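Structure first, commentary second.
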Amino acid sequence: MSQIQQNALAQLLGLSADEAGAKEPETTLNLNLPLAPEPAETLPQFADYAIVGNSAAGIAAAEAIRKQDTEGTILMLSKEPYLAYGKPLISYLIEGKTDDAHLAYRDASFYERANITCAFGPECEVVALDADQHVLALANGVRVQYGKCLLAVGSTPFVPRSIKNWRNRENIHTFECLDDALAAWQDTVAATERAHAEGRKSRVIVVGGGLTGLKAAEALSHIADEAFVLTHGPRIMSKILDAQGSEQLIELLAERGVTVVTNTSVDEFLGEEGPCHEAKLTEGSTINFDVAIAAVGVRPAMGLAEQAGAEIGKGVVVDETLATTLADVYAAGDMTQVVNAFDGSKRPLALWTNAVRQGAIAGAQMAETPNAPVYGPDYAENIVDFFDISVMTCGVVNPPEGEGFQTIAYQGKDSYAMFVTKDDVLMGYVLVNHPERAGIYNALIAHHVNISELDPDMLGRAPRNLDFDAETRWNRLHESYPTALDRKGFAREVAALDAREEA
Amino acid sequence: MKRIYCLEDWCVNCRRCEVACKTAHSVSHDTVKAYLLEGQTAFSRIHVEGGAELSISVNCRHCDNPRCVEGCISGAMQKDPETGVVFCDQSRCVGCGTCVAMCPYGCVELHVLPGAPGKKGVAFKCDMCGDGKGSFGDPACVAACPSGALIYVDEEPKPEPEPLEEEATEEETAEKEVLA
């Protein structure tokens, strides 16, 4: 076990106790949340397009449908009572990097302008799908017939059975949606007040070292005196970071008040029900805490599709038009199974960007847009920030051995960059605090550019548009360039006349 | 829409576009004040790459399918459906940096404004010198370019999508066959 890991564990076990905390959290959350208007008393009995889910994929689909079909009726259904909001914003809200007035993903008049009928709230949760009859059944008993249906219900938190007694405990929260975040926030504020009244520090533990867990820890560390992240593996964000990148990030997080304890998880939350303040760790010791976040992983929310008889793999199986195996039923976002562009493996790609892209394609396909785009094999582009730390990772970051992959790493004081190449083509990268013009790397990956033909130093510094050869550069930077002009900006007709005169 | 293009044959690496951009996006609209007093808040959104032999000025391409907009988790980054201008509503930006990593040309930058909560950066990019909310203005970089390297011209008109073919009636099909 490394020194950092030992120190983190010692801190968690209270072996390096220091004086009581000084953070003074605000006591009440007085928020003006972007609540959707109450759904109409009578919902339409038929909609040309029914969109189940009101987040990234659902909104993108509705926008794409409206680009093509301004007449067809659109009904959006969601069990959450809010207008669409950026799901990843929940941690930024707690931290104060955004506020309740700026949570909404689209302006207030969006649904009205796009002529979308909204049915948002727990009573509008879609509980069954009958694909043969083209009917959706809602929690309140209403049945809606549709022409085409999009399932875009995202993913749900998943806690493995190996972690015992976490369910129905008042102070153990998940961290996926706004209600989760508000509950965790409120609870942490109250717990911190109680702890301070008792003259001790408050402590939040997060079980799970993935993106969600780390964002939760970052957010709640602004309220609680101590924030710990427990992860059973040796690395954080193990699917999208390499070992060195993970270590670099753990160090940077520690300097900012989030302590990551690796190779350690919770074995059991003690007690049976009610609040829980003690947990037994996998390595045997028992620790105290005030609030816990269960963020071990997410699973695609496939229940509806599965029950309706759609083909299911690691996610809902879709074709390149994002149609499921059920007639007139499409799926987009976290819940779909995506073919990995590098190794052909199939798994969901639970990313906001991917959900928007898939939603837009599904919407265009549903509205039968001419030359509608299609969805092919894809790969992950993860961009995340913690405090003032920037982390970007893309494509292959933990290449299998013996398949011809090469890696090159650049370690700075507070930054780290690692690139994976195969046959001189960039396949992936990890960038910690190295954001400058990083999108150019993505362009190199997407266009399979042979980097041996480019400036040999280019990976060691910020990439440039000049790194591409002249022809590629012109094509990249001159989208929709007027054909009447030549590359010097002269009118082609005049240039042709001049040439003729000279001749 | 009108677009700004750089013709690298004419770019002489003078970087006046950068100066003009920073000045245009300062409060004072005065170059000296923009550099000496507004260094923390006024940023150039256009950057010249290269040196004396080869240089090129690069700013936002206002793409038809902007990946920065696709990736934006807060809805701050938008493409105006009418004008086509891609712009960032900084009041909604949370500084996650997705747009920075999504832009294939490196044309979005995060800058931390003084007093930003949690040292949060916000996205800065070319706004076509309009009102910053999707309108066009008079791009200062183009006006300042002494060599004609930066041009501001109408893009090539997009071909109209072909109308959906109605299913041909039997008569029409027969007619076509006769003609053929």
Side-chain angles (χ1 to χ4, degrees), chain A residues 56 60 84 86-89 92 95-98 102-107 222 352-353 356-357 360 368-371 373 381 383-385 387-388 390 392 394 431 435-443 446 462-466 470 473-474 476-485 487-489, chain B residues 1 3 5-10 49-50 54-56 58 61-65 67-76 81 89 91-110 112 116-121 148-149 151 153-156 158 161-164:
Chain A
K87 282 258 165 73
L89 295 199
Y92 299 87
E95 278 180 276
K97 284 183 174 178
T98 189
H102 295 96
L103 274 184
Y105 181 56
R106 290 290 181 262
D107 64 81
H222 290 267
W352 187 265
T353 313
V356 172
R357 192 181 316 152
E368 295 174 19
T369 308
N371 306 320
E381 293 163 295
I383 298 97
V384 59
D385 64 313
F387 304 96
D388 54 346
S390 141
M392 301 172 173
C394 180
L431 304 171
E436 203 183 347
R437 296 196 289 274
I440 293 180
Y441 296 128
N442 295 23
R464 304 176 309 178
N465 292 285
L466 273 185
R473 189 161 71 231
W474 174 273
R476 270 167 51 79
L477 294 172
H478 295 79
E479 176 177 330
S480 302
Y481 186 75
T483 50
L485 299 181
R487 292 191 180 184
K488 287 188 188 300
Chain B
M1 69 180 287
R3 291 177 184 266
Y5 295 104
C6 178
L7 308 169
E8 62 186 49
D9 286 353
W10 300 119
E49 294 181 11
L54 173 65
S55 62
I56 184 166
V58 185
R61 303 288 83 215
H62 299 272
C63 304
D64 291 337
N65 293 304
R67 300 218 59 212
C68 57
V69 175
E70 182 182 281
C72 182
I73 59 172
S74 70
D89 174 357
S91 72
R92 293 164 71 187
C93 178
V94 296
C96 69
T98 305
C99 48
V100 175
M102 286 289 155
C103 176
Y105 314 107
C107 290
V108 189
E109 288 179 346
L110 292 188
V112 181
K119 295 188 205 162
K120 166 186 93 156
I151 58 171
V153 292
D154 281 314
E155 69 179 1
E156 184 68 14
K158 300 212 167 28
E162 285 176 29
L164 280 178

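Every value quoted in this text rests on a predicted model; they were computed, and no experiment measured them. What you see below is based on every heavy atom in this structure, not just the backbone, and it leaves out hydrogens, waters and symmetry mates. A, B, ... follow the sequence lines: proteins, then strands. Residue 1 opens every chain.
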Under 4.0 Å between a Lys/Arg side-chain N and an Asp/Glu carboxylate O for Glu95(A) and Lys119(B)?
-> no

When Thr98(A), Leu466(A), Asp388(A) are compared by non-hydrogen pairs under 4.5 Å with chain B, the top option | Leu466(A)

With only heavy atoms counted, which part of Cys96(B) is less than 4.5 Å from chain A, the side chain, the backbone, both or neither?
-> both

Between Gly118(B), Cys107(B), Ser91(B), Gly97(B), which shows the greatest number of heavy-atom pairs under 4.5 Å with chain A?
-> Ser91(B)

Heavy-atom pair count under 4.5 Å with chain B, highest-scoring of Leu485(A), Leu103(A), Ile440(A), Val384(A) | Ile440(A)

Is the cationic atom of Lys87(A) (NZ for Lys, CZ for Arg) positioned less than 6.0 Å from the six-membered ring centroid of Trp352(A) and within 45 degrees of its normal?
-> no

Check whether any side-chain heavy atom of Arg476(A) sits under 4.5 Å from a side-chain heavy atom of Tyr105(B), and report yes or no.
-> yes

How about Ile73(B) and Tyr92(A): do any of their side-chain heavy atoms sit closer than 4.5 Å?
-> yes

Which residue out of Gly489(A), Ala438(A), Ser480(A) racks up the most heavy-atom pairs below 4.5 Å with chain B?
-> Ser480(A)

Most chain B-contacting option - heavy-atom pairs closer than 4.5 Å, from Val356(A), Thr483(A), Asn442(A), Leu431(A) | Thr483(A)

With a 4.5 angstrom heavy-atom cut-off, which part of Val58(B) approaches chain A: side chain, backbone, both or neither?
-> side chain

Could you look at Asp9(B) and say if it's the side chain, the backbone, both or neither that has a heavy atom under 4.5 Å from chain A?
-> side chain

For each of Lys97(A), Arg487(A), Arg437(A), tally heavy-atom pairs with chain B at distances under 4.5 Å, and name the one with the top tally.
-> Lys97(A)

Any donor-acceptor N/O pair, Arg3(B) side chain to Arg61(B) backbone, under 3.5 Å | yes

Are Asp89(B) and Arg106(A) within salt-bridge range, i.e. N to O under 4.0 Å?
-> no

Among Cys93(B), Ala101(B), Gly75(B), which residue forms the greatest number of heavy-atom pairs with chain A at distances under 4.5 Å?
-> Ala101(B)

Met392(A) side chain near Pro435(A) side chain, heavy-atom distance below 4.5 Å | yes

Go through the atoms of Cys72(B) and report whether side chain, backbone, both or neither lie under 4.5 Å from a heavy atom of chain A.
-> backbone

Would you mind checking which part of Ile151(B) comes under 4.5 Å of any heavy atom in chain A, side chain (CB onward), backbone (N, CA, C, O), both or neither?
-> side chain

Heavy-atom distance under 4.5 Å to chain B: side chain of Ala104(A), backbone, both or neither?
-> backbone

Checking heavy atoms, do the side chain of Glu109(B), its backbone, both or neither come under 4.5 Å from chain A?
-> neither

Salt bridge check: are Glu49(B) and Arg473(A) linked by an N-O gap of less than 4.0 Å?
-> no

Quick one: does His478(A)'s side chain have a donor or acceptor within less than 3.5 Å of a partner on Cys6(B)'s backbone?
-> yes

Measuring heavy-atom distances to chain A, does Leu54(B) have an atom under 4.5 Å in its side chain, in its backbone, in both, or in neither?
-> both

Would you mind checking which part of Val153(B) comes under 4.5 Å of any heavy atom in chain A, side chain (CB onward), backbone (N, CA, C, O), both or neither?
-> side chain

Is there a donor-acceptor pair closer than 3.5 Å between any side-chain N or O of Tyr5(B) and the backbone N or O of Tyr481(A)?
-> yes

